[in-house]
Amino acid sequence: MTRVAVIGLGEAGRRYAVDLSRAGAAVRGYDPDPRADDPAVPRVGSVVEAVAAAEVTISLVGAHAAVSVAEQVVPLLDAGALYADFNTAAPEVKSQVAEVAARVGVRMADVAVLAPVTRAGARTPLLASGAGAVRLAGLLRPLGVPIDTIDAPVGAAARLKMVRSVFMKGLATLLIETLTAAEAADAADWMRGQLTAELGPDAPALVERLITGTHTHRTRREQEVRDALGLLDELGTPDDMTRGTLAWFERLGRESA
């Protein structure tokens with residue numbers, strides 16, 4: 001039985017804790033926020049208790065806390081344990097987490113979550129890089145987790161996710177801009193029909209998911225777009241469309257203030 005610790009029991013962390021437990025793993029979850037309590041989550045009262053004897057510790061605490069949580073958690077891990085950073089963060093943040101792990105001899109995997117966890121839970125596609133990627137895949141695949149690995153250092157998976165974000169976040173804001181104009185032209189239903197015809201039979205659900213998710217997770221996704229812009233600058237490639245995407249996120253932020 002694979003022993004898994006999940007640190008951070010927000011929306012994604014709770015799904016992983018529940019789904020991995022149901023798949024046969026011995027899961028312990030921890031979050032200092034009492035609002036994260038869920039009777040379906042195998043939760044414990046401390047980080048120490050969560051990671052005790054864990055073969056893999058999954059961090060889902062958000063990019064802003066990824067490094068500080070790693071500094072707290074990694075020194076507590078058993079020799080041979082694996083630390084998997086699932087947070088959506090810039091490659092530089094992942095590298096900082098890797099430095100924390102390297103100081104105490106813990107293998108780390110940089111994990112990119114390639115779709116919203118709310119849709120498929122632990123069956124959400126993952127991409128992993130770093131010294132711990134192959135071992136992580138070996139531990140999670142038997143639990144039904146679709147995970148691909150790349151033979152590249154920590155930060156590589158995060159970079160590829162940032163490139164993917166250029167498209168996904170851009171598509172979401174393009175849909176918002178299109179439908180905003182269609183509503184102003186009193187043609188919203190007609191335009192949704194056009195989008196459905198172009199995007200295929202799953203278009204209605206896709207459009208609704210992208211628009212709703214953009215509003216619900218605006219702050220986190222705006223930071224993701226900023227990280228993507230930083231990567232495009234590093235790569236020296238054009239960023240006109242992504243700057244437009246950021247402008248839409250900033251506009252939505254002003255409207256919600």
Side-chain angles (χ1 to χ4, degrees), residues 10-16 18-19 38 40 60 62-63 86-90 111-127 144-148 157-233 235 237-257:
E11 192 173 46
R14 288 197 300 271
R15 283 298 301 271
Y16 270 104
V18 171
D19 288 1
D38 185 327
L60 273 164
F86 277 50
N87 299 298
T88 297
V111 183
V113 183
L114 300 181
V117 176
T118 51
R119 279 169 28 208
R123 294 190 178 276
T124 303
L126 305 176
L127 179 67
V145 178
I147 175 170
D148 290 327
R159 282 167 62 91
L160 291 178
K161 176 165 182 174
M162 291 297 103
V163 174
R164 183 178 183 275
S165 294
V166 171
F167 169 71
M168 293 304 299
K169 304 308 180 285
L171 176 59
T173 52
L174 176 61
L175 289 170
I176 292 173
E177 184 167 309
T178 299
L179 291 174
T180 298
E183 290 171 3
D186 197 24
D189 290 342
W190 178 84
M191 183 54 68
R192 282 183 178 266
Q194 293 293 301
L195 293 172
T196 298
E198 292 295 333
L199 296 176
D202 294 331
L206 172 64
V207 170
E208 185 60 33
R209 186 167 67 242
L210 287 173
I211 292 175
T212 300
T214 296
H215 285 281
T216 302
H217 304 290
R218 180 195 60 77
T219 301
R220 176 172 60 78
R221 293 185 180 183
E222 179 178 331
Q223 183 57 52
E224 192 173 335
V225 173
R226 292 184 187 277
D227 290 339
L229 273 171
L231 176 59
L232 295 180
D233 182 62
L235 296 172
T237 57
D239 60 8
D240 307 79
M241 300 296 289
T242 307
R243 290 194 178 279
T245 300
L246 178 59
W248 256 108
F249 275 98
E250 291 173 338
R251 178 179 292 109
L252 294 173
R254 291 192 297 270
E255 290 174 353
S256 65

Show, in sequence, the C-alpha distance, side-chain angles and deciding distance for Met162 and Thr88, and conclude whether the side chain to side chain contact (heavy atoms under 4.5 Å, CB included) test is met.
CA-CA 9 Å; Met162 291 297 103; Thr88 297; 4.3 Å; yes
May I have all residue pairs that pass salt bridge (Lys or Arg N to Asp or Glu O under 4.0 Å) and include part of residues 194-214, sequence neighbours excluded?
none
Side chain to side chain contact (heavy atoms under 4.5 Å, CB included) evaluation trace for Val207 with Arg192:
CA-CA 9 Å; Val207 170; Arg192 282 183 178 266; 3.7 Å; yes
Backbone N or O of Ala40 within a donor-acceptor pair of the Asp38 side chain at under 3.5 Å?
yes
If we ignore hydrogens and angles and just use 3.5 Å, is the side chain of Thr237 paired with the main-chain N or O of Asp233 as donor and acceptor?
no
Between Ala112 and Ala157, the two heavy atoms sitting closest are CB-O, 3.6 Å
Side chain to side chain donor-acceptor pair (under 3.5 Å) partners of residues 177-186, not counting sequence neighbours, each pair once
Glu177-Trp248
Can Leu126 and Leu114 be said to form a side chain to side chain contact (heavy atoms under 4.5 Å, CB included), step by step?
CA-CA 6 Å; Leu126 305 176; Leu114 300 181; over 6 Å; no
To the nearest 0.5 angstrom, please state how far the CZ atom of Arg221 sits from the NE2 atom of His215.
11.0 Å
Is the backbone of Gly62 close enough, under 3.5 Å, to the side chain of Asn87 for a donor and an acceptor to pair up by distance?
yes
Just do the salt bridge (Lys or Arg N to Asp or Glu O under 4.0 Å) check on Glu250 and Arg218 with the steps written out, would you?
CA-CA 9 Å; Glu250 291 173 338; Arg218 180 195 60 77; over 6 Å; no
Could you tell me whether a side-chain N or O of Arg15 sits under 3.5 Å from a main-chain N or O of Thr118, the two making a donor and an acceptor?
yes
Run Met168 and Leu210 through side chain to side chain contact (heavy atoms under 4.5 Å, CB included) and show every step you take.
CA-CA 9 Å; Met168 293 304 299; Leu210 287 173; 4.1 Å; yes
Has Arg123 got a side-chain atom pairing as donor or acceptor with Pro146's backbone, closer than 3.5 angstrom?
no
Does Arg159 have any side chain to side chain donor-acceptor pair (under 3.5 Å) partners at least two apart in sequence or in another chain, and if so, which?
Glu234
